[in-house]
Asker: 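I'd like to ask some things about the structure below.
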Amino acid sequence: MEHIRTIIEPFRIKSVEPIRMSTAAEREASLERAGYNLFSLPSRDVMIDLLTDSGTGAMSAEQWAAIQRGDESYAGSPSFVRFEAAVRELFPFPHVIPTHQGRAAEKILFAVIGGPGKVFPNNTHFDTTRANIEFTGAEAIDVVIPEGRQPSLEHPFKGNVDLAALEALIVARGKENIPAVFVTITNNSGGGQPVSLENLRGVRAVCDRHGLPLYLDACRFAENAWLVREREPACAHMTVKEIVRAMAALADGMTMSAKKDGLANIGGWLAVRDDELARRCRNVLILTEGFPTYGGLAGRDLEAIAQGLEEVVDHDYLRYRIRSTAYLGDALRKADVPIVVPTGGHAVYIDARAMLPHIPLLEYPGQALAIELYREGGVRGCEIGTVMFGRKPDGTEVPAAMDLVRLAIPRRTYTQSHIDYVIEVVRHVASRRKDIRGYRITAEPPQLRHFTARFAPV
Ligand code: F0G
């Protein structure tokens with residue numbers, strides 16, 4: 001009977017934050033001031049902010065209570081002990097190294113194991129992961145299954161690693177040049193798509209054949225585990241916690257941004273099995289983040305994450321979370337808006353290339369659509385396409401594999417009527433899609449250009 005009822009937000013609201021309503025004229029002026037880069041908008045000019053699900057969620061009453069318990073001792077804080085125990089409850093790695101966010105964990109790990117000539121395979125590297133690898137002179141290579149690159153194709157695990165491609169890459173480049181194999185759960189850049197437990201076992205087998213360590217980029221581990229539970233028949237009887245632990249058992253370590261499935265506004269960690277590697281990583285941690293019992297965080301942040309990790313594996317929460325993402329996706333599909341299917345965990349990805357086929361790829365159809373959603377209704381999404389990935393380390397520009405606009409849903413933050421409003425805005429933009437024009441870049445930095453580039457209409 002459960003499925004015929006609306007799946008309600010499994011929380012009540014105790015504290016509210018006003019949304020400032022803006023006019024079309026105000027939004028037009030904000031866009032011009034921002035150089036048509038939505039990252040440059042003041043957030044008070046945004047009505048529904050779907051730029052990211054990272055650090056933008058609402059904390060629970062228990063998390064705010066835990067914040068008050070935070071112990072700010074420089075060394076040996078009980079807040080670290082609680083944090084470490086909460087991480088190990090899900091990911092029983094011997095060494096848990098707190099960092100201020102996910103990319104700090106990446107920076108530390110790749111500083112230690114990266115370098116010129118090294119190659120890191122991943123289903124799809126997130127942009128900070130790729131940038132931190134390339135910054136050391138190493139190479140980041142994506143080996144997602146071919147289905148994972150086709151937005152309109154249905155497949156339950158579009159985040160899966162192409163095992164044959166991984167094997168071929170290891171043989172071609174030599175296992176001595178591959179310090180680690182990565183798997184990102186869920187595959188954010190590929191549409192928030194999950195990786196099956198079976199596929200992860202396959203990756204482990206390939207790694208074992210070549211004696212390579214396997215690392216998880218586990219930012220959205222709970223959403224991945226819920227989708228495994230729903231879509232992988234062999235796991236239907238398992239709890240989310242059991243699935244997470246089964247994934248952890250296959251890995252040698254992980255990087256994590258607690259701003260996603262840590263349900264916190266800041267934080268992350270690096271966890272490893274290897275004692276010597278942990279020692280070297282802690283040395284870099286002390287140089288760049290802080291003492292090993294707080295990393296780049298306050299004790300109160302460690303408490304918020306510890307509590308968040310208990311809440312994020314709750315089945316009622318995850319059922320609502322995944323269903324509310326699908327709700328947005330289903331409505332857009334019904335309106336003939338092309339999206340990446342099936343809908344993933346944390347976001348709906350509009351296929352801007354398919355929606356705006358008249359815009360040349362180097363005039364950034366994804367950016368054009370993201371701008372239009374803001375112009376229409378103050379909805380801020382994020383281009384994940386040629387602006388983000390088009391500039392190669394050698395300076396050339398080539399279209400990315402896909403031009404998507406991600407509508408990322410902050411955790412426990414917006415209600416169904418906010419999402420209904422977003423649906424209206426997207427539908428309205430879709431109805432006038434033929435009039436939407438492309439953009440050109442007028443200024444850009446050498447790396448991670450999407451954060452600060454400026455644009456002008458073509
Ligand atoms: N890995 C993945 C898969 C991510 O999605 C992110 C962040 C990171 C690593 C880095 O973590 O931000 O804490 O340093 N993704 C955010 C996003 C920024 O909007 O998708 P961080």
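Here, residue 1 is the first one in the sequence, and each next residue gets the next number. Order of appearance sets the numbers: ligands from 1, and atoms from 1 within every ligand. In this text the structure is predicted, and so the values were computed from the model without any measurement.
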Asker: Write out the residue and atom name of the closest protein heavy atom to atom 13 (O) of ligand 1, then the distance separating them to 0.1 Å.
Answerer: Ser257 OG, 2.7 Å
Asker: Which ligand 1 atoms does Thr128 reach within 4.0 Å, using its non-hydrogen atoms?
Answerer: 8 (C), 9 (C), 10 (C)
Asker: Return yes if a side-chain donor-acceptor contact under 3.5 Å exists between Thr386 and Asp403, otherwise no.
Answerer: yes
Asker: So which protein heavy atom does atom 8 (C) of ligand 1 come closest to, and at what separation?
Answerer: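 In this structure, atom 8 (C) of ligand 1 has Phe126 CD2, 3.5 Å as its nearest protein heavy atom.
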Asker: Under 4.0 Å from any heavy atom of Lys259, which atoms of ligand 1 are there?
Answerer: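 With Lys259 as reference, the close atoms of ligand 1 come out as 13 (O).
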Asker: So which of Arg130, Arg173, Lys118, Lys392 actually passes salt bridge (charged side-chain N to carboxylate O under 4.0 Å, His left out) with Glu139?
Answerer: Arg173
Asker: What atoms in ligand 1 come closer than 4.0 Å to a heavy atom of Asp217?
Answerer: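 Matching atoms, with element in brackets: 1 (N), 2 (C), 3 (C), 9 (C).
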Asker: Just checking, is any N or O donor in the side chain of Glu303 or Gln307 under 3.5 Å from an acceptor N or O on the other one?
Answerer: no
Asker: Regarding Glu230 and Trp226, do their side chains bring together a donor and an acceptor under 3.5 Å, going by distance alone?
Answerer: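 Trp226 and Glu230 do have a side-chain donor-acceptor pair below 3.5 Å.
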Asker: Give me the nearest non-hydrogen protein atom to atom 9 (C) of ligand 1 as residue plus atom name, then the distance to 0.1 Å.
Answerer: Glu106 OE2, 3.1 Å
Asker: Report, in ascending order of atom number, the atoms of ligand 1 lying under 4.0 Å from any heavy atom of Arg220.
Answerer: 3 (C), 4 (C), 5 (O), 17 (C), 20 (O)
Asker: Atom 16 (C) of ligand 1: which of Lys107, Lys260, Arg406 has the nearest heavy atom?
Answerer: Lys260
Asker: Would Gly268 count as a contact of ligand 1 if the rule is a heavy atom under 4.0 Å away?
Answerer: no
Asker: Taking atom types as modelled, find out whether Asn122 and Thr184 have a side-chain donor-acceptor pair closer than 3.5 angstrom.
Answerer: yes
Asker: Any idea which atoms of ligand 1 are less than 4.0 Å away from a heavy-atom of Gly102?
Answerer: 11 (O), 13 (O), 14 (O), 21 (P)
Asker: Look only at interatomic distance and state if Thr186 has a nitrogen or oxygen under 3.5 Å from any nitrogen or oxygen of ligand 1.
Answerer: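 Checking ligand 1 against Thr186, no N or O pair falls under 3.5 Å apart.
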Asker: Side chains of Glu167 and His210: is there a donor and an acceptor less than 3.5 Å apart?
Answerer: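 His210 and Glu167 do have a side-chain donor-acceptor pair below 3.5 Å.
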Asker: Under a 3.5 Å cutoff, is there a donor and acceptor pairing between the side chains of Asp127 and His450?
Answerer: yes
Asker: Any side-chain donor paired with an acceptor under 3.5 Å for Thr129 and Glu106?
Answerer: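 Judged by distance alone, the side chains do pair up.
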Asker: Which of the numbered atoms in ligand 1 are below 4.0 angstrom from a heavy atom of Thr184?
Answerer: 3 (C)
Asker: Among all protein heavy atoms, pick the one closest to atom 12 (O) of ligand 1 and tell me residue, atom and distance.
Answerer: Arg103 NH2, 2.9 Å
Asker: Can you confirm whether the side chains of Ser22 and Arg27 place a donor and an acceptor under 3.5 Å from each other?
Answerer: yes
